[in-house]
There are 2 protein chains.
Amino acid sequence: MPYLNKAAPSPEPLDCRILSAALDLFVERGFHNVSVHDVQRESQVSIGSIYKHFGGKEGIAKALYYHLLNEFEEMMNQVMEEDLSNRERCNRIIALLFEYTESRRNIIEYMLHAKHREFLPNEPPICSSTPFKVMRSIVQQGMDAGEIRSGNPWVVASTVFGGAIRMIHLRLDGVMEQPLTECYDELIDCMWRGLSTGEAVKRKRPQAVEVAG
Amino acid sequence: MPYLNKAAPSPEPLDCRILSAALDLFVERGFHNVSVHDVQRESQVSIGSIYKHFGGKEGIAKALYYHLLNEFEEMMNQVMEEDLSNRERCNRIIALLFEYTESRRNIIEYMLHAKHREFLPNEPPICSSTPFKVMRSIVQQGMDAGEIRSGNPWVVASTVFGGAIRMIHLRLDGVMEQPLTECYDELIDCMWRGLSTGEAVKRKRPQAVEVAG
DNA sequence: AAAAGTAGAACGAATGTTCATTTCTGTCAA
DNA sequence: TTGACAGAAATGAACATTCGTTCTACTTTT
């Protein structure tokens with residue numbers, strides 16, 4: 001006697017339910033530790049529909065990837081439309097990434113912390129996607145405009161965004177307990193002004209390292 | 001008619017052959033896309049021996065992980081034994097990581113680029129392992145000694161090593177073609193001195209982004 | 001003779017996928 | 001308004017395959 005308890009059918013369209021269930025599961029357990037049946041159970045959508053919509057497990061992951069990539073592109077477009085210097089644009093991107101990490105953690109985890117190549121072997125790596133190209137081109141324009149110290153584009157771009165991305169990883173891995181948004185100002189300061197104290201560094205005898213638990 | 005073509009038996013001990021075959025395969029295809037039978041074929045060691053030595057697929061991954069973690073710890077010990085300031089120690093670690101990335105790529109890929117949680121769910125994340133603790137404690141000592149600008153330890157440590165780790169990821173993903181060792185000097189300079197040009201940044205109208213292919 | 005290694009068949013559980021069947025939805029003639 | 005009906009959407013039991021693991025018989029080494 002099926003189809004009886006449909007008093008309150010989920011209003012969301014099927015593909016949305018599938019994708020959001022898949023996102024949660026993929027992030028929680030990793031792509032390879034999630035079966036289509038798991039997605040079925042979590043999304044309450046039948047196996048057949050899942051195959052109809054996405055063609056299979058990899059299809060789900062790919063659709064999710066491009067869907068979220070699109071969100072990232074829109075984020076970049078939004079930043080590009082604001083009236084900001086290139087340096088401020090870099091800061092704005094970092095601020096947005098930090099906010100997303102805190103408020104929409106799974107999205108960031110899936111996009112910045114997963115190894116897509118292991119389950120989407122034919123997709124280009126995310127660092128060669130449009131949003132990342134935009135980030136690098138902002139840095140390049142900043143160098144051209146004299147706002148950012150000139151140099152090897154890869155080195156400069158990595159210095160600009162590397163610290164932030166590192167902190168996102170640490171936060172997602174659970175080793176950092178403080179919300180990223182609280183660290184934003186200090187990170188920006190460190191990154192632009194550098195970490196030197198200014199005073200000459202005196203050579204010291206190395207001391208025994210004390211490794212904090 | 002087996003056991004005939006053993007004219008030149010591999011001199012390496014079994015477990016080494018298993019581990020190095022596994023490392024290559026895991027890095028090339030990802031843990032979940034490698035079967036024990038693949039490891040058997042690649043290492044030329046029988047299934048029985050593989051199970052005898054490591055107890056299974058996960059056992060291989062775990063042994064490999066701790067073996068390489070040990071190499072990292074030795075690398076850190078070596079750096080700690082040299083007569084260097086804390087700042088120089090940070091530089092030295094980055095230089096060593098860059099060299100490893102170029103010359104022993106698979107090791108770095110397995111340790112810094114894989115998602116261990118997906119196949120070793122009970123191991124702590126690598127950023128909470130001893131080598132990373134040592135790196136953070138060096139930064140802390142550098143701050144205490146006035147060699148490194150003081151601040152939130154996570155922020156400062158991420159700024160010190162984030163750029164380097166970011167470049168390693170870019171290199172391993174194949175989007176950066178230049179060897180990392182050639183970028184070392186410039187990265188160190190950017191990181192310590194910051195990316196500001198010094199001159200005041202004039203607010204500019206944003207220009208259309210040109211995204212390079 | 002004991003220990004270590006090899007070969008490879010067999011097994012069972014997990015999992016990606018298919019497809020016959022059911023239900024829904026909109027249309028149109030009566 | 002009703003009812004028939006066609007096509008689309010959705011369902012889920014069943015299937016086929018993969019893969020981690022075990023086991024036995026055999027060989028080599030010490």
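Proteins get letters first, then strands, A, B, ... in listed order; numbering begins at 1 in each. In what follows, every heavy atom counts, from backbone to side chain, and hydrogens, waters and symmetry copies are set aside.
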Close N or O pairs between protein and nucleotides 10-14 of chain C (under 3.5 Å):
none

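For B/His53, there are no ring-ring contact (aromatic ring centres under 6.0 Å, His included) partners two or more places apart in sequence or in a different chain. Not counting sequence neighbours, the partners of B/Tyr65 by the ring-ring contact (aromatic ring centres under 6.0 Å, His included) test are B/His116. Residues satisfying the ring-ring contact (aromatic ring centres under 6.0 Å, His included) criterion with B/Phe31, sequence neighbours excluded, are B/Phe26, B/Phe119.
B/Val34 comes within contact range of the sugar-phosphate backbone alone, with a heavy-atom separation under 4.0 Å but no base atom that close.
For the pair B/Arg41 CZ and C/dA7 P, the interatomic distance rounds to 13 Å; values are reported in whole Å. For the pair B/Arg17 CZ and C/dT6 C1', the computed distance is 11 Å after rounding to whole Å. In this entry the distance linking CD1 of A/Ile18 with P of D/dA10 reads 8 Å, nearest Å. Straight-line distance from the CD atom of B/Gln40 to the P atom of D/dT22: 16 Å, rounded to whole Å.
Distance from the side chain of B/Lys57 is smallest for D/dG20 among the nucleotides D/dG20, C/dA7, C/dT17.
Taken to the nearest 0.5 Å, the CD1 atom of A/Ile148 stands 7.5 Å off from the CZ atom of A/Arg87. One distance of note links OG1 of A/Thr101 with CG of A/Leu180; it measures 5.5 Å at 0.5 Å rounding. Put simply, SG on B/Cys127 and CE on A/Met176 are 11.5 Å apart, with the number rounded to the nearest 0.5 Å.
Remark: B/Ile47, B/Tyr51, B/Gly56 in residues 46-56 of chain B come within less than 4.0 Å of DNA chain D through at least one heavy atom. Remark: nothing in residues 19-31 of chain A comes within less than 4.0 Å of DNA chain C through any heavy atom.
Remark: side-chain polar atoms of A/Glu147 are paired, donor with acceptor, to backbone N or O of A/Asn86 under 3.5 angstrom. A donor-acceptor pair under 3.5 Å is absent between the side-chain atoms of B/Glu118 and the main chain of A/Asn33, judged by distance alone.
Around the NZ atom of B/Lys115, the shell of radius 6.0 Å holds more than 12 heavy atoms that belong to other residues, nucleotides or ligands.
Looking at B/Arg136 and B/Pro153, their side chains never come closer than 4.5 Å, going by heavy atoms from C-beta outward.
Using a 4.0 Å cut-off between charged nitrogen and carboxylate oxygen, B/Arg104 and B/Glu71 count as a salt-bridge pair.
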